[in-house]
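Some notes on the structure that comes next.
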Amino acid sequence: MQTVVPAERMRAECNSTLGTRLCFAVNSTIDTAHVVPKEQDRHLRSSGETNMDTGEDLSCLKMEGIKVEDADSCTGLSDETRQRLSISDRPSSSCTKARGKFRPRLLATKSFPPYSQCIGGLGEDDDWDNYLDSDSPLACQSNAKEEKPVAYEADDTAKYSRDVLRAKWKSRRKEKLGGSLDVGTDGCDRWRLSEKRRVENSGIQGEHCDKDEGKHRRGKSFSLKRGGSNAEKEDGKPSPILPSAHSAAHENSSSVEDPKGQNREDDEVMEPSGHRHPILSKLLHSSTSSSCSSINLSSESDEVFSDLDDAVSKRKTFKKSRTWKTFLTMMHWSLKRQSSWVSKGGEVLKLYSELEAKCLDSLMRDPLRPFVPQYYGLVTRGEHCYIRLEDLLNGLRRPVIMDCKMGVRTFQEEELIKARTKPNLRSDMYQKMVKVDPSAPTAEEHEQKGVTKWRYLQWRDTTSSTSTLGFRIEGIMMEDGTVQRDFRKIHTLTQVTEALLYFTRSQLDTLNAYHSRLVDLKDALRSSEFFRKHEVIGSSLLFVHDHNKASVWMIDFGKTMPLPDSKEVQHSIPWVEGTREDGYLIGLTSILTALSQAISLAKGQQEDS
Ligand SMILES: O=P(O)(O)O[C@H]1[C@H](O)[C@@H](OP(=O)(O)O)[C@H](OP(=O)(O)O)[C@@H](OP(=O)(O)O)[C@H]1O
Ligand SMILES: Nc1ncnc2c1ncn2[C@@H]1O[C@H](COP(=O)(O)OP(=O)(O)O)[C@@H](O)[C@H]1O
């Protein structure tokens, strides 16, 4: 017996709560409406009272995976429609909410499982007990409660906590079998259990989406030949092999596509019946355990995760879920993103912003299209609207990722005007500032315990390479899942070159591939009308590679503004207030220079060895 929940009811249930911040979507079936068995539906409801320690209510999650009978809910666009339809006409009323509204509060805890575990799982269900018996850091982390904001407890506390946790875990498994939800005594446990259930019971189903669109004009990824001196073709250029990230999946993944073109790996994550999947459930256990640990919010140190020895061997045992890889990458970057993104087979959903949707729409008709994730339109989930984007990590195995925020400034001119005319003091930004450098705020700011957003962003720009080199490395995630954000302190080109060598492990073919792709991007930027007519602020270049592919993509257009009155910007000159110049090309040139230097050094290293 199956239940289809009408959109109205779904909305009513969502609205009765504080709102949705986080939606998990793990089913790869994109064009099939998912229908939830009654039993599963009951579970979904029972988790409704659950809270995460964010103070956010996530009860809408329980509705994910239920077919929504909503004409508005999908705006998958055909090429033709895409060309004609103005974005502002499309969003349903629920899409008109500004993305910023849904940002979660900053938390006292912030931690996610080491990536290596996420992609590899932690073993079969019973391994959880074994895992807790081990001296793994996570076993300790899982017990660090909110009132103890320390990642690692003293040994004896940890042992005690492990026992407690094991007991809780066992009782929970029992509950699960019995079907009742017993809320734990701490928020941490509640979150884990409910989150797990949500995901297990979800299976959010997408709408029809014409994914073939955009496949025809994909940006190129470069195939990397390992073992040889580099990945160059006979003509000395890296060989562009892939017309699309989607086809990358065909060529390099161990997964097999079914006749519908869906990836079976993803299917394995979430069984349609809603049964627990070993990888997913492990992921969630570990996710929770660490979510309750306290890794401080300092943006300089909070994203560095340790690897676990046995994770590597266990990883081999399990198939990987690309969907989760992508989602966790986003979570790793920033807590904020945990609330703004949904990861789904082959595509990702980003919380709607009108500005970004408009940009993406224009970009689909611009020479820059091959350098931007394909945009599939909008979709409504619960009461929120999302932008549907191609998943740039699809087809990559153990991807290595670098996010470079482009431009000589990351604040919009309007922020500066606001700071002067109606200053809004942000205590969260003040705290982030103090954490990095207690002497950074002025005496007045210390007294107010707040800074304006402009002041904070500008401080970030001047303490990184943004102001001087026209870009900064926001973060790097290596293949083992370790995420590092210390690069934001980098100032010089030499330091950038070192970072690039680290990021690519001095692999010449990878460096060459990136260089070549960026040269092509520069050409496309020159001929792009979109680029000429937009002020591009806070946008990133996303570098992604694995053992045999590398590519760079333009992402994040949430602060990219069209210029008024057919004004144009050069992007290559320093910013002076009122000019709207962003210095994007200054950044691109710096990266190209650093890449060239890295290539020379890597060549030297190769010759030496
Ligand atoms: O990275 P840290 O130092 O934490 O600072 C963040 C980033 O600058 C965000 O930009 P991005 O999303 O490009 O990374 C910005 O979001 P905006 O994009 O809204 O400017 C945040 O502003 P708030 O969202 O206002 O907190 C700001 O707190
Ligand atoms: N299309 C995509 N496919 C896969 N990962 C993506 C995609 N877009 C963004 N990401 C990941 O999410 C992170 C945040 O993306 P971004 O667009 O900058 O979001 P925000 O506006 O929240 O800062 C990126 O650094 C990247 O790791």
Side-chain angles (χ1 to χ4, degrees), residues 87 98-100 219 333 340 350 352-375 387 389 392 402-417 453-454 457-458 460-462 464-475 488 517-543 551-592:
I87 281 283
R99 179 179 163 223
W333 286 137
S340 332
K350 181 177 182 180
Y352 173 77
S353 117
E354 189 182 3
L355 211 50
E356 183 154 34
K358 277 185 171 161
C359 286
L360 287 162
D361 193 53
S362 304
L363 283 162
M364 291 302 101
R365 286 173 268 115
D366 190 87
L368 287 178
R369 181 173 178 175
F371 299 88
V372 175
Q374 291 308 288
Y375 169 52
I387 289 166
L389 291 171
L392 299 174
M402 176 170 74
D403 183 309
C404 288
K405 199 172 273 195
M406 301 302 290
V408 290
R409 65 188 161 101
T410 60
F411 56 87
Q412 292 165 307
E413 290 197 357
E414 67 184 39
E415 271 321 327
L416 175 54
I417 296 165
K453 181 167 177 176
W454 167 75
L457 295 181
Q458 194 225 28
R460 272 268 181 242
D461 294 349
T462 50
S464 67
S465 57
T466 290
S467 302
T468 49
L469 300 179
F471 83 101
R472 68 171 173 256
I473 300 176
E474 272 287 291
R488 291 199 275 188
R517 171 84 167 160
L518 288 182
V519 168
D520 291 350
L521 171 64
K522 206 168 183 178
D523 284 347
L525 287 168
R526 274 195 206 108
S527 60
S528 164
E529 190 184 345
F530 175 90
F531 193 54
R532 261 198 317 278
K533 297 189 169 173
H534 282 77
E535 174 191 17
V536 185
I537 301 295
S539 177
S540 291
L541 282 180
L542 193 69
F543 292 69
S551 196
V552 189
W553 305 92
M554 292 176 80
I555 60 162
D556 197 356
F557 302 97
K559 293 199 287 190
T560 294
M561 304 268 285
L563 295 161
D565 310 326
S566 59
K567 187 175 160 62
E568 293 187 359
V569 281
Q570 296 177 50
H571 304 281
S572 54
I573 54 174
W575 172 69
V576 175
E577 192 180 347
T579 61
R580 312 279 296 261
E581 287 292 347
D582 53 37
Y584 194 101
L585 289 175
I586 298 178
L588 186 53
T589 306
S590 299
I591 299 178
L592 278 166

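The heavy-atom pair separating Pro564 from Arg580 by the smallest distance is CD-NH1, 3.6 Å. Closest approach of Ser353 to Gly558, counting heavy atoms only: OG-CA, 4.3 Å. Nearest heavy atoms, Ser467 versus Asp461: OG-O, 3.1 Å. The two residues Arg532 and Leu563 make their nearest non-hydrogen contact at O-CD1, 3.7 Å. Residues Ala357 and Tyr352 come closest through the heavy atom pair CB-CE1, 3.6 Å. Heavy-atom minimum distance, Cys359 versus His534: SG-CD2, 4.2 Å.
Here the CD-CD1 distance, from Glu413 to Ile537, works out to 8.0 Å after rounding to the nearest 0.5 Å. Rounding to the nearest 0.5 Å places CD1 of Ile586 at 11.0 Å from NE2 of His571. A distance of 7.0 Å separates OG of Ser465 from CD1 of Ile473, quoted to the nearest 0.5 Å. To the nearest 0.5 Å, atoms CG (Leu360) and CD (Gln374) are separated by 10.0 Å.
One finds a salt bridge joining Asp523 and Arg526 here, because a Lys/Arg side-chain nitrogen approaches an Asp/Glu carboxylate oxygen to under 4.0 Å. Using a cut-off of 4.0 Å between Lys/Arg side-chain N and Asp/Glu carboxylate O, Arg460 and Glu474 are scored as not salt-bridged.
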- [ ] Would you check, one step at a time, whether the test side chain to side chain contact (heavy atoms under 4.5 Å, CB included) holds for Met406 with Ile591?
- [x] CA-CA 10 Å; Met406 301 302 290; Ile591 299 178; 3.8 Å; yes
Task: Evaluation steps, side chain to side chain contact (heavy atoms under 4.5 Å, CB included), between Phe543 and Leu518 - done: CA-CA 10 Å; Phe543 292 69; Leu518 288 182; 3.9 Å; yes
- [ ] Check the pair Leu416, Gln458 against side chain to side chain contact (heavy atoms under 4.5 Å, CB included), reporting the backbone distance first and the verdict last.
- [x] CA-CA 9 Å; Leu416 175 54; Gln458 194 225 28; over 6 Å; no
Task: side chain to side chain contact (heavy atoms under 4.5 Å, CB included) assessment of Leu585 paired with Gln570 - done: CA-CA 8 Å; Leu585 289 175; Gln570 296 177 50; over 6 Å; no
Task: Audit row: Asp556, Lys350, salt bridge (charged side-chain N to carboxylate O under 4.0 Å, His left out) steps and yes/no - done: CA-CA 10 Å; Asp556 197 356; Lys350 181 177 182 180; 3.3 Å; yes
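Just one of Val552, Leu525, Asp520 meets the side-chain contact (heavy atoms from CB on, under 4.5 Å) condition when paired with Phe371; it is Asp520. Here the options are Leu392, Val372, Leu541, the test is side-chain contact (heavy atoms from CB on, under 4.5 Å), and the partner is Ile555; only Leu392 passes.
Under a 3.5 Å cut-off, the side chain of Glu356 and the backbone N or O of Phe557 do form a donor-acceptor pair.
A perpendicular orientation is assigned to the rings of Tyr584 and Phe531, their planes being inclined by more than 60° (bins at 30° and 60°).
Taking 4.5 Å as the limit, every side-chain heavy atom of Ile573 sits out of range of all side-chain heavy atoms of Thr579.
Looking only at atom types and distance, the side chain of Thr589 has a donor-acceptor partner in the side chain of Lys522 under 3.5 Å away.
Relative to the ring axis of Trp553, Arg517 places its NZ or CZ within 45° and under 6.0 Å from the centre.
In Glu529, the CD atom is not crowded: 12 or fewer heavy atoms of neighbouring residues, nucleotides or ligands sit closer than 6.0 Å.
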